[in-house]
Protein chains: 4
Amino acid sequence: MEAIFEATLQVLSSDGLIRFNTTRVARRAGVSVGTLYQYFPNKQALLFAVLERHLVMLAEAIEKACDENRHAAVEMLAEAVVKAYLRVQMAQAELSPALYRISLELDARELTELATRRSAKAIATSLSTAGDGDFSDPRLVAETLTAALYGTVPAFCHRVLSEANGVEAQKQLTMMFQSYIRAQKAHVSQPE
Amino acid sequence: MEAIFEATLQVLSSDGLIRFNTTRVARRAGVSVGTLYQYFPNKQALLFAVLERHLVMLAEAIEKACDENRHAAVEMLAEAVVKAYLRVQMAQAELSPALYRISLELDARELTELATRRSAKAIATSLSTAGDGDFSDPRLVAETLTAALYGTVPAFCHRVLSEANGVEAQKQLTMMFQSYIRAQKAHVSQPE
Amino acid sequence: MEAIFEATLQVLSSDGLIRFNTTRVARRAGVSVGTLYQYFPNKQALLFAVLERHLVMLAEAIEKACDENRHAAVEMLAEAVVKAYLRVQMAQAELSPALYRISLELDARELTELATRRSAKAIATSLSTAGDGDFSDPRLVAETLTAALYGTVPAFCHRVLSEANGVEAQKQLTMMFQSYIRAQKAHVSQPE
Amino acid sequence: MEAIFEATLQVLSSDGLIRFNTTRVARRAGVSVGTLYQYFPNKQALLFAVLERHLVMLAEAIEKACDENRHAAVEMLAEAVVKAYLRVQMAQAELSPALYRISLELDARELTELATRRSAKAIATSLSTAGDGDFSDPRLVAETLTAALYGTVPAFCHRVLSEANGVEAQKQLTMMFQSYIRAQKAHVSQPE
DNA sequence: GATGAATGAGTGTTCATTCAT
DNA sequence: GATGAATGAACACTCATTCAT
């Protein structure tokens, strides 16, 4: 079972989603197709399992970062969230193209929704309780940041991060988030 | 030939990438498969053509926005770029999931690179010549903005924009970009 | 197309329904599986085609017999119907076990219904117009005869007819039908 | 063992022959597949057991009816035999389509032969010893009646009996048998 | 004796691509 | 150039049967 899951990751990483098929996974896992189907009802389930684990890891990392910065300055929060997200994402960098393809299959939408909702909620909460926070609409800010995170980073992954300058990416993203948050705070004092 | 291209778009929009196949495209185009293969060497070529057109449209829209704001304030530039990108993207909203899947196929990387490079270059140029611009590394800023654009927006597309508040999305994104750019300028005067 | 149909009959006859599969049919027909699927949308369609043709042949044979004996004595009619049914049935004797299995699949019920309904209707009509006919419920008599025909004969087929004494079977069946019909007429004159 | 047999019946009734498989039977019986295979060497054996029991029940019912009418009038015999057969058959009405499919598998021929032979023999004996019987070939008459019984009734089962007029079916069949037998007797006195 | 995880051959079906007409 | 019938490799999934525990 664990072997099958591991094989799924490997096949996904090395062969991509197109060449991904149950036979290959079974062979790589050193089991028969039949065995594979005893643990996963169908091919999609296999893919979803991988995607789900990834998304859960991301959401948990962000939640943890938010928890640990519940009363810190929003600048700290922004940095922590970006760092947490990137750490998880880069740990499975070679998986991410495949994961992104999976997540674009219609039925995976729910799964993704879940993760982003969790993340946005955690961020919104931390923004509300931040020492220096005072937002007119923390939920909107949190949703924007989440979209930027879950959306921007993969784009970075393929082009910039793969070229080994992930540190720089993290710095820029953090700065973008911090300045965006700072601007949002200003809005509150002097509404448009 | 044009009919085939049009049919490709239609099939992609209505049936999605999974149900996309040459037979269906040919039928929809009102030609035979054989004819289709006279104009496009294989299925991938068909998909690439669509993706390429989309990416070129994006790149051109951004280049035009940059051109028109070459000497304007960076705030104006940010807004114009975001607006330009979103206009194109939302014009073919129902196509974008399929396009994203295509772009995640390994061999499409080049195509995407090209568009983002063009966009980043245009933005970098405009940042350099901006009336109030004074960046230590305009290229890095431009690349970050490009990644955020090409990456964030699709994430928005599925979750937020579909809920008809695309206007808000545009406002938030513009604000994020503007504040980020402003923060970058500050950096120059008072280096870290 | 005709070759595929022919191959279907052959595979059904020689290998039976259990060993019947699309690959085998295609190979026997000298075509590829793909070609097979161009003419028949799926395996079931293949089987149904064979069953339908058989049932239509039976129904038509009975209808023709009824037509030709529309005003004859009921004794003649009974003999003609039995003879017509048996002629068709024995012409494809080696197919009939397989056909019977097909007809027992749930979705084939309609097909069978159609054939028996047609046959029953034809027989009922002829009974009504028969020179010496005078039945209280020709429809009931016709349905009973049809059931006996479509049901009894296969049982005969496997045990008796296969032992080459089909002639005797036909004689007995004809007698059974004639005496039953005669008894039904008696009923009318002297109701129970 | 008894549980397995019972489960076989249940699965056959509720899921039909197509969905019938050893795993399902074992689960329904509350045992493991391994255990199932300790009592029945293979899937076919399981099905044969069910079919055999059914056929034995039919044969025994007919034998009993014949025994009880050994010296009665042939009219009585006919009625008793039809009634006995139908009672058993309708008691497991929902099983009969599946049973019929099983019986059409080549290797089940023996089993069926056995039951019909027993039935035909019993009927032939009773015809010979009947008070008013005087047949030139009682065996032929008996075989014809048996074929009509085992063959016709199922046809009735699916179309007529299911519509709750089983009583009528029984009346018609009985009449058909009685008139056939009567006709056979006449033959002896006045040979063709 | 009982278990049930493991096996893997077998099957229906799809679809990119070719090529004779 | 156009056609579309033909191809056949590829794949998801099932299930009868075995055998180590």
Side-chain angles (χ1 to χ4, degrees), chain A residues 1 3-4 11 15 17-27 29-47, chain B residues 1 3-4 11 15 17-27 29-47, chain C residues 1 3-4 11 15 17-27 29-47, chain D residues 1 3-4 11 15 17-27 29-47:
Chain A
M1 162 95 199
I4 295 172
V11 171
D15 300 6
L17 189 55
I18 297 178
R19 303 256 169 242
F20 180 91
N21 65 274
T22 51
T23 314
R24 221 183 292 258
V25 171
R27 190 164 46 232
V31 300
S32 67
V33 228
T35 299
L36 185 154
Y37 274 89
Q38 223 141 33
Y39 291 105
F40 297 90
N42 51 46
K43 184 185 168 183
Q44 226 194 35
L46 217 53
L47 295 173
Chain B
M1 162 94 199
I4 295 173
V11 171
D15 300 6
L17 188 54
I18 296 179
R19 302 263 167 236
F20 179 92
N21 64 274
T22 51
T23 313
R24 219 183 290 257
V25 171
R27 190 166 47 231
V31 300
S32 69
V33 233
T35 302
L36 185 154
Y37 272 86
Q38 224 130 37
Y39 291 107
F40 297 89
N42 51 43
K43 183 186 170 183
Q44 229 193 32
L46 217 54
L47 294 172
Chain C
M1 164 91 199
I4 295 172
V11 171
D15 300 7
L17 189 55
I18 297 179
R19 303 257 167 242
F20 179 91
N21 65 275
T22 51
T23 315
R24 221 184 292 260
V25 170
R27 190 165 46 234
V31 300
S32 68
V33 229
T35 300
L36 185 156
Y37 274 88
Q38 223 141 33
Y39 291 104
F40 296 90
N42 51 46
K43 183 186 169 182
Q44 227 194 36
L46 218 53
L47 294 173
Chain D
M1 162 92 199
I4 295 173
V11 171
D15 300 6
L17 189 54
I18 297 179
R19 300 262 168 237
F20 179 90
N21 65 272
T22 53
T23 313
R24 219 184 290 257
V25 171
R27 190 166 47 234
V31 300
S32 69
V33 233
T35 301
L36 186 154
Y37 272 86
Q38 225 131 35
Y39 291 107
F40 297 89
N42 52 43
K43 184 186 168 183
Q44 229 194 31
L46 217 53
L47 294 172

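Each chain gets a letter, A, B and so on, in the order its sequence line appears, and its residues count up from 1.
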*So which nucleotide from dT17(F), dA6(F), dT3(E) ends up closest to the side chain of Q38(D)?*
dT3(E)

*If you check the T35(A) side chain, which of dT7(E), dT17(E), dA12(F) turns out closest?*
dT7(E)

*Rounded to the nearest 0.5 Å, what separation is found between the CD atom of Q38(A) and the OG atom of S32(A)?*
8.0 Å

*Within this structure, what is the CZ-to-C1' distance between R19(D) and dA16(F), rounded to whole angstrom?*
16 Å

*Say you draw a straight line from NZ of K43(D) to CG of L46(D); how long is it, rounded to the nearest 0.5 Å?*
9.5 Å

*Verify the contact: side-chain N or O of N21(C) to OP1 or OP2 of dG12(E), cut-off strictly under 4.0 Å; return yes or no.*
yes

_Under 4.0 Å, counting only non-hydrogen atoms across every strand here, what does F20(D) touch: a base, just sugar-phosphate, or nothing?_
sugar-phosphate

*Just compare dA16(F), dC13(F), dT17(E) and give me whichever is closest to any side-chain atom of K43(B).*
dT17(E)

*Any idea which of dA2(F), dT7(E), dA5(F) is nearest the Y39(B) side chain?*
dA2(F)

*Value in whole Å for how far the P atom of dG1(E) lies from CZ of F40(D)*: 14 Å

_Candidates dT13(E), dT17(E), dT14(F) - which lies nearest the side chain of Y37(A)_ = dT14(F)

*Closest contact, heavy atoms only, L36(B) versus A26(B)*: CD1-N, 3.9 Å

_Which residue lies more 5' along DNA chain F, comparing R24(A) with L36(C) via nearest heavy atoms_ = L36(C)

*Given atom CD1 of I4(A) and atom P of dA5(E), what is their separation to the nearest angstrom?*
12 Å

*Which sits closer to the 5' end of DNA chain E, V31(D) or G34(A), going by the nucleotide each is nearest to?*
V31(D)

*Nearest heavy-atom neighbours spanning I4(C) and V31(C)*: CG1-CG2, 4.2 Å

_Let's test this: given Watson-Crick or G-U wobble pairing with both distances under 3.5 Å, identify the partner of dA10(F)._
dT13(E)

*Between atom CG in D15(A) and atom C1' in dA10(F), what is the gap in whole Å?*
15 Å

*Round to the nearest Å and state the distance from L46(B) atom CG to dT17(E) atom P.*
10 Å

_Atom pair distance, as rounded to whole Å: CZ in R27(B) and P in dA5(F)_ = 12 Å

*Under a 3.5 Å cut-off for both distances, is dA20(F) Watson-Crick or wobble paired, and to whom?*
dT3(E)

*5' priority, DNA chain F, between N42(D) and G30(B) [closest heavy atom]*: G30(B)

*Would you indicate which nucleotide in dG8(E), dA6(F), dT17(E) comes nearest to any side-chain atom of V33(B)?*
dT17(E)

*May I ask you to verify if any side-chain N or O of T22(D) is less than 4.0 angstrom from the OP1 or OP2 atom of dA16(F)?*
yes

*Mind checking the CG-CZ spacing from N21(D) to R27(D)? Nearest 0.5 Å is all I need.*
8.0 Å

*Write down the distance between CG (L47(B)) and P (dT17(E)), rounded to a whole number of angstrom.*
11 Å

*Whole-Å distance between dC11(F) C1' and I18(A) CD1?*
15 Å

*How long is the span from the CZ atom in F40(B) to the OG1 atom in T22(B), to the nearest 0.5 Å?*
12.5 Å

*Would you tell me if any nitrogen or oxygen in the side chain of S32(A) comes within less than 4.0 Å of OP1 or OP2 on dT7(E)?*
yes

